[in-house]
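Each chain gets a letter, A, B and so on, in the order its sequence line appears, and its residues count up from 1.
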Number of protein chains: 2
Amino acid sequence: MESRGISKAVIGRLPRYYRYLGELNEAGVERISSSDLSKKMHVTASQIRQDLNNFGGFGQQGYGYNVKYLRTEIGKILGLDQSHNMVIIGAGNLGQALANYASFARNGFILKGIFDVNPELKGKVIRDIPIRMMDELETVLQEENIDIAALTIPKTKAVEVSDILVRNGIKAIWNFAHTDLNLPKDVIVESVHLSDSLMKLSYNITRYKEEHGED
Amino acid sequence: MESRGISKAVIGRLPRYYRYLGELNEAGVERISSSDLSKKMHVTASQIRQDLNNFGGFGQQGYGYNVKYLRTEIGKILGLDQSHNMVIIGAGNLGQALANYASFARNGFILKGIFDVNPELKGKVIRDIPIRMMDELETVLQEENIDIAALTIPKTKAVEVSDILVRNGIKAIWNFAHTDLNLPKDVIVESVHLSDSLMKLSYNITRYKEEHGED
DNA sequence: TAGATTGTTAATCGATTAACAATC
DNA sequence: TAGATTGTTAATCGATTAACAATC
């Protein structure tokens, strides 16, 4: 599985391919051509073939791609065939929302702990996992071989907590705090900035209103 | 404010500029050069100047950019100086998390309603807004001049609900369902696919492990 | 004025699309 | 075999970076 130097643009499209292939598979579709898939996904067939060929030749001339096989292979590329232990830090609504996503477990993300500073939440159980206080975090990180920490805490606490995580050897942070984390470059950070997303939406509404003179 | 044909890449960076300028402003910084900002944000100064000059000359030679002024102007470009009425559909953890983001209101996003199918949630109040049942949705959409609907419902319901939204003239959908929405092209859709984001994280962990032989 | 820094043009780089020979 | 469709090379397009004249 050749993988060095794949562009972020390509990686960013893989989950979407994986999703569409999953839907096709559930619908009982056995094979699909890049051309048919391109119509479904509103991208070019050329892009699909180029993207996939970064990782190997998954198709067959004259036939197309086997849906189940291609999906499995993309899953492997994304590392979904392996399991990753995960903790959630911040048990507010967002943290609890993440904890409740059943499909995470299906893709190999195993929730090993939920932490918060609020004593009222202590012991509340979500998906069989009791919410713990922050003073237990380091022990869990050290003993449970945690790969991923989801940070669903206010930005004011994010730097402090991410330092604790890094000190305890966390490999990757899924960051929902409204701030960038400047961490050693061997720590992988994937940020979800919800307010950035909403601002893009706002931008598009504003442009639309300008074009249609509703403003 | 010239705006036609600005690339998505540029738009996607504006919220981040806005965020950094906000932090600088709060820290009492009055002016900043593209060079200094580039170091803070880990981008090139050239990119900052190019990005901003899509919208006009906000700086001054020999001086740089006035932080407060530039922030305000980017806010206007993003439409944050206007208010948008919004509803949340799906009052699970994620919907409630969005409802509780205080900063949305600060940026002009005004929550006018929260809807769910679960009768147990009926009447529960979040940020002064009672959760209502779905049968009241159309009335609210028609009477309250709603611009934005945040969709925090399972993907199985997303298509059905988005049809209702479109029928009632919604302008923009902030989509958290794990599916793409194929709607008329005058409806703006901004999707947040959390599972896609987690898969990208997983990809990077996997690559990292391969490189470091932990696999 | 001299120094600093922008706005903007030109050069480079990378990503997307098109085309087609290879091959199932 | 003939038809279909991939894998891959080449062409195009767009985005990023570099350079520098304009100007505060």
Separation of C:dA15 atom P from A:K8 atom NZ, nearest Å, is 11 Å

Next item on the list: Check the pair B:Y208 / A:V187 against side-chain contact (heavy atoms from CB on, under 4.5 Å), numbers first and verdict last.
Entry: CA-CA 10 Å; B:Y208 183 86; A:V187 179; over 6 Å; no

Side-chain atoms of residues 175-184 of chain B: list all donor-acceptor pairs with protein atoms under 3.5 Å, sequence neighbours left out, distances to 0.1 Å.
unit_1, atom_1, unit_2, atom_2, d
B:N175, OD1, B:A177, N, 3.0
B:N175, ND2, B:T179, O, 3.0
B:N175, ND2, B:S191, OG, 3.1
B:D180, OD1, A:R19, NH1, 3.2
B:D180, OD1, B:H193, NE2, 3.2
B:D180, OD2, A:R16, NE, 2.8
B:D180, OD2, A:R16, NH2, 3.0
B:D180, OD2, A:Y20, OH, 2.7

Is there a donor-acceptor pair under 3.5 Å between the side chain of B:Q96 and the backbone N or O of B:A91?
yes

Quick note, side chain to side chain donor-acceptor pair (under 3.5 Å) partners involving residues 57-69 of chain A, not counting sequence neighbours, are none

A:I6 atom CD1 is separated from C:dA15 atom P, nearest whole Å, by 10 Å

Sequence neighbours excluded, the answer for salt bridge (Lys or Arg N to Asp or Glu O under 4.0 Å) partners of A:K200 is B:E190

From CZ of B:F58 across to C1' of C:dT5 the rounded distance in Å is 17 Å

Check: Are any of the side-chain heavy atoms of B:S202 and A:F109 separated by less than 4.5 Å?
Finding: yes

Is it the case that atom CD in A:E138 sees more than 12 heavy atoms from other parts of the structure closer than 6.0 Å? yes

Taking the side chain from A:T152 and the backbone from A:G90, do they hold a donor-acceptor pair closer than 3.5 Å?
yes

Contacts of A:Y18 meeting ring-ring contact (aromatic ring centres under 6.0 Å, His included) (sequence neighbours excluded), chain-then-number -> none

Between CG of B:N53 and C1' of C:dT5 the distance, given in whole Å, is 12 Å

Contacts of B:K39 meeting side chain to side chain donor-acceptor pair (under 3.5 Å) (sequence neighbours excluded), chain-then-number -> B:S35

Taking for B:G59 and for A:R13 the nucleotide of DNA chain C with the nearest heavy atom, the one nearer the 5' end belongs to B:G59

Could you walk me through whether A:L194 and A:D196 pass side-chain contact (heavy atoms from CB on, under 4.5 Å), step by step? CA-CA 5 Å; A:L194 293 180; A:D196 290 20; over 6 Å; no

Contact list (N/O, under 3.5 angstrom) for nucleotides 21-24 of chain D vs protein:
unit_1, atom_1, unit_2, atom_2, d
D:dC24, O3', B:Q60, OE1, 3.2
D:dC24, O2, B:Q61, O, 3.3

Looking at A:L78, is its backbone amide N or carbonyl O close enough to the side chain of B:R207 to form a donor-acceptor pair, meaning the two atoms are under 3.5 Å apart? no

Residues of residues 15-34 of chain A with a heavy atom under 4.0 Å from any atom of DNA chain D, listed by number, are A:S33, A:S34

When rounded to whole Å, the CG to C1' distance for the pair B:L70 and C:dT6 reads 13 Å

All N/O pairs under 3.5 Å across the protein-nucleotides 10-14 of chain D interface:
none

note: B:L52, atom CG; D:dT17, atom C1'; distance rounded to Å ~ 16 Å

Ordered by number, residues from residues 35-49 of chain B within less than 4.0 Å of DNA chain D (heavy atoms) are B:T44, B:S46, B:Q47, B:R49

Rounded to whole Å, CD of B:E73 lies from P of C:dT6 at a distance of 17 Å

Report, one line per pair, each donor and acceptor closer than 3.5 Å where one atom sits in a side chain of residues 141-151 of chain A; sequence neighbours left out.
unit_1, atom_1, unit_2, atom_2, d
A:Q142, NE2, A:N168, OD1, 2.5
A:D147, OD1, A:K171, NZ, 3.4
A:D147, OD2, A:H84, ND1, 3.0
A:D147, OD2, B:K209, NZ, 3.2

Any stem touching DNA chain D, meaning at least three consecutive Watson-Crick or G-U pairs under 3.5 Å, ordered by first number, would be C:3-24 with D:3-24

Taken to the nearest whole Å, CG/B:N54 to C1'/D:dA15 is 11 Å

_Determine whether the aromatic ring centres of residues A:W174 and A:F104 are separated by less than 6.0 angstrom._
yes

* **Test log, rule side-chain contact (heavy atoms from CB on, under 4.5 Å), inputs A:L137 and A:V140** => CA-CA 5 Å; A:L137 174 61; A:V140 172; 5.5 Å; no

Contacts satisfying salt bridge (Lys or Arg N to Asp or Glu O under 4.0 Å) that involve residues 40-54 of chain B (not counting sequence neighbours) are B:R13-B:D51

Phosphate OP1/OP2 of C:dG7: any B:Y65 side-chain N/O under 4.0 Å: yes

